[in-house]
Visitor: 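Structure below; questions to follow.
In what follows, chains carry the letters A, B, and so on, assigned in the order in which the sequence lines appear, proteins first and then strands, with residues in each chain numbered from 1.
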Amino acid sequence: MLVARGLRRVAVSSLVRWDMSVVAARHAASSLAVPGADARFHDYDAAITACVERQALGEGRQVHAHMVKARYRPPVYLATRLIILYVRCGALDDARNVLDGMPERNVVSWTAMISGYSQSGRHAEALELFIRMLRAGCKANEFTLATVLTSCPVHQSIQQVEQVHSLVVKTNFESHMFVGSSLLDMYGKSGNIQEARKVFDMLPERDTVSCTAIISGYAQLGLDDEALDLFRQLYSSGMQCNYVTFTTLLTSLSGLASLNYGKQVHGLILRKELPFFIVLQNSLIDMYSKCGKLLYSRRVFDNMPQRSAISWNAMLMGYGRHGIGQEVVQLFRTMTEEVKPDSVTLLAVLSGCSHGGLVDEGLDIFDLIVKEQNAVIHIGHYGCVIDLLGRSGQLQKALDLIEHMPFEPTPAIWGSLLGACRVHINVSVGEVVAQKLLDMEPGNAGNYVILSNIYAAAGMWKDVFRVRKLMLENTVTKEPAKSWIILDKVIHTFHSSERFHPRKKDINAKIKEVYVDVKAAGFVPDLSCVLHDVDDEQKERMLLGHSEKLAITFGLMNTPPGLTIQVMKNLRICVDCHNFAKFVSKVYGREISLRDKNRFHLLKDGACTCGDYW
DNA sequence: TTAGGGTTAG
């Protein structure tokens, strides 16, 4: 009776076009005759196949329950099909129960389960299961390896990565298209781009996925020049592109701020008449905003028939990056009517309010979110609130918040407060904060520079000297600064005190000329930005060698009057260079758009859109 | 029956 009721429910649902009463009849028959067992197998198989096709989890569970109730012990094949069904429907725990209950398993059952964990980001469990599989004496095939490699980058040490690689070599799958792509992607994601490239170069054949994976390897490491070069090379040798390829490429073009290429790729996408993909549109929004063309971003955004939270976030970040706080707040309000904001949204809104100077609005939104608990609050959000408080000069309040927030403060948190102390020239809080930072990361030169800036601004020259000595005692290395400018599709990159540029002499001559002009207009170099123990004259020379000054000068030399000079920098812009750019904009009547690590600075008539807070 | 590359933020 119970079985019959269950059967009717299945039949009525009509999702599964299969009448369970047939099974019931055969079930009854099977207790009398042996051939019935085969019939039941085929019926269950057909039912599960129907459920897999439709991803009908409820019906699938009923079929499973029916097996249990009928005391039918599914053979390996059928149990594996059940695992696949549950995995496809995202019911991983059900799938795992089936796997654990199997008296025997084959490579497909293991692989299906590993793939389930892998695809839902449960990489540790995927790897654990892979190891269990090997220990159980089951040999991995190309499917298993292609799957398990996608779970490696995040959770494996270099040694383990090499172990997996040698397993791939041993099983002779290194040049298998799928396994090879996964392998090179794994190396790319673990930061070993040389090894990734080796695997790519050894592939006997290449397809869209393997090409995209290697380009993405460069892109993810911020090697945008290399990513673009490789794309051009592969594209001209006939590589086929799909939407993932373009999405990846756009990431690199965003990094380079290469509007020209960005537009070309956009054109290519339109010509290809690809179907609508949200991710691709999201990348376009981001690319245009990072290339300084917010209006283009907005046009893409407005034309989207469907948007994800990421689309909104990319747009919000865009406005924030350009310091347009009002738009951030307004767009956020519209967003909440359409999509549920996530934790990145909150980050975008808070940092947008901070960059746009909307202190009270930002703090209000934070309070609202904390109260309603719409999104998961993490330490990054606190970082933004500390920025907001710092910007408005409420340094003590910011310090109190750090001490009472439910997270351990990171260097980034203290760094944000130290920056605020520099702008508001607050020595007492600055010293407390700097001490914490110097304890946490004694090797970071940036902290010494800002502390020195604070002392210099307060006229405490003895302390400037002390900081300098302190820094000399610690060996300090940092990411080398570089700035670049794109003229006629050519990227001109400058490093500090550039020694290798072919037009070095011209640039040096021009920068000296510019220096005389801006000094005559009142520019005073900020020597506290140099912490080397050298005389003042040498310090001035070192400041003039900063990469962003070289790039701006190169722009002045090579662009006609009236055109905005667009310069990009990989780190935050330094105080002295920011001031220098302001004077250049005034003295030469030129707009300068400067994109640093955090935001855009639009310098015009001696003022900057960042309001001197960044 | 099982498989590879992708978007915002840090």
Visitor: Across the strands shown, which category fits A:Thr111 at heavy-atom distances under 4.0 angstrom: base, sugar-phosphate, nothing?
Guide: base
Visitor: Determine the contact category for A:Thr80: base if any of its heavy atoms lies under 4.0 Å from a base atom, sugar-phosphate if only primed atoms, P, OP1 or OP2 are that close, otherwise nothing.
Guide: base
Visitor: Taking atom CZ as the centre, does A:Phe277 end up with more than 12 heavy-atom neighbours from other residues, nucleotides or ligands that are less than 6.0 angstrom away?
Guide: yes
Visitor: If you check the A:Thr147 side chain, which of B:dA3, B:dG6, B:dT2 turns out closest?
Guide: B:dA3
Visitor: How would you label the contact of A:His176 with the nucleic acid (heavy atoms, under 4.0 Å): base, sugar-phosphate, or nothing?
Guide: base
Visitor: Take atom CE of A:Met133 and atom C1' of B:dA3, then tell me their distance rounded to the nearest Å.
Guide: 12 Å
Visitor: Can you tell me how far C1' of B:dT7 sits from CD1 of A:Ile278, to the nearest Å?
Guide: 10 Å
Visitor: Could you state the CG-P distance from A:Leu250 to B:dT7, rounded to the nearest angstrom?
Guide: 11 Å
Visitor: Tell me the interatomic distance from A:Leu183, atom CG, to B:dA3, atom P, rounded to whole angstroms.
Guide: 19 Å
Visitor: Of the nucleotides B:dT7, B:dG5, B:dT8, which one has an atom closest to the side chain of A:Val244?
Guide: B:dG5
Visitor: Using the side-chain heavy atoms of A:Ser182, tell me which of these nucleotides is nearest: B:dT7, B:dG4, B:dT8.
Guide: B:dG4
Visitor: Looking at A:Arg105, A:Met102, A:Arg96, which hits side chain to side chain contact (heavy atoms under 4.5 Å, CB included) with A:Ile83?
Guide: A:Met102
Visitor: Does A:Arg599 qualify as a cation-pi partner of A:Trp614, given the criterion of NZ or CZ under 6.0 Å from the six-membered ring centre and within 45 degrees of its axis?
Guide: no
Visitor: Test for a donor-acceptor pair under 3.5 Å between the base of B:dG5 and the side chain of A:Thr212, counting only N and O atoms.
Guide: yes
Visitor: What nucleic acid atoms does A:Met315 come within less than 4.0 Å of, heavy atoms only: base, sugar-phosphate, or nothing?
Guide: nothing
Visitor: What is the separation between atom CE on A:Met202 and atom P on B:dG4, rounded to the nearest whole Å?
Guide: 22 Å
Visitor: Of A:Lys290, A:Lys569, A:His322, which meets side chain to side chain contact (heavy atoms under 4.5 Å, CB included) against A:Arg595?
Guide: A:Lys290
Visitor: Between B:dG5, B:dG6, B:dT8, spot the one nearest the side chain of A:Thr208, thanks.
Guide: B:dG5
Visitor: Any side-chain N or O of A:Ser216 less than 4.0 Å from the OP1 or OP2 oxygen of B:dG6?
Guide: yes
Visitor: When all nucleic acid strands are considered with a 4.0 Å heavy-atom cut-off, which category describes A:Tyr77: base, sugar-phosphate, or nothing?
Guide: base
Visitor: Please check the phosphate of B:dT2 (OP1 and OP2 only) for any side-chain N or O of A:Gln119 closer than 4.0 Å.
Guide: no
Visitor: For the residue pair A:His64 and A:Tyr86, categorise the inter-ring angle as parallel (less than 30°), tilted (30 to 60°) or perpendicular (more than 60°).
Guide: tilted
Visitor: Counting any heavy atom closer than 4.0 Å, what does A:Arg88 reach on the DNA or RNA strands: base, sugar-phosphate only, or nothing?
Guide: sugar-phosphate
Visitor: Tell me whether the OP1 or OP2 atom of B:dG6 has a side-chain N or O from A:Lys189 closer than 4.0 Å.
Guide: yes
Visitor: Report yes if a side-chain nitrogen or oxygen of A:Ser115 is closer than 4.0 Å to either non-bridging phosphate oxygen (OP1 or OP2) of B:dA3; otherwise report no.
Guide: yes
Visitor: For the side chain of A:Ser181 and the base of B:dG4, is some donor closer than 3.5 Å to an acceptor across the two?
Guide: yes
Visitor: What does A:Ser343 touch in the nucleic acid at a heavy-atom separation under 4.0 angstrom: a base, only the sugar-phosphate, or nothing?
Guide: nothing
Visitor: For A:Ile269 and B:dT7, what is the distance between atoms CD1 and P respectively, to the nearest whole Å?
Guide: 14 Å
Visitor: Select base, sugar-phosphate, or nothing to describe what A:Phe246 touches, counting heavy atoms under 4.0 Å on all strands.
Guide: nothing
Visitor: From CD of A:Glu174 over to P of B:dA3, roughly how many Å is that when rounded to an integer?
Guide: 23 Å
Visitor: What does A:Lys290 touch in the nucleic acid at a heavy-atom separation under 4.0 angstrom: a base, only the sugar-phosphate, or nothing?
Guide: sugar-phosphate
Visitor: Whole angstroms only, please: what is the OH-P distance between A:Tyr319 and B:dA9?
Guide: 16 Å
Visitor: Between B:dG4, B:dA9, B:dT2, which one does the side chain of A:Val108 approach most closely?
Guide: B:dT2
Visitor: OP1 or OP2 of B:dA9 sitting under 4.0 Å from any side-chain N/O of A:Arg321?
Guide: yes
Visitor: When you check the gap from the basic side-chain N to the acidic O, do A:Lys189 and A:Asp185 get nearer than 4.0 Å?
Guide: yes
Visitor: Looking only at N and O atoms, is any donor in the side chain of A:Asn282 or the base of B:dG6 less than 3.5 Å from an acceptor on the other one?
Guide: no
Visitor: Parallel, tilted or perpendicular, judged at 30° and 60°: which one describes the rings of A:Phe231 and A:Tyr235?
Guide: parallel
Visitor: Answer with base, sugar-phosphate or nothing: what part of the nucleic acid does A:Thr49 contact at a heavy-atom distance below 4.0 Å?
Guide: nothing
Visitor: Under 4.0 Å, heavy atoms only, any strand: does A:Ser210 hit a base, just the sugar-phosphate, or nothing?
Guide: base
Visitor: Heavy atoms only, 4.0 Å cut-off, all strands: where does A:Arg206 land among base, sugar-phosphate and nothing?
Guide: nothing
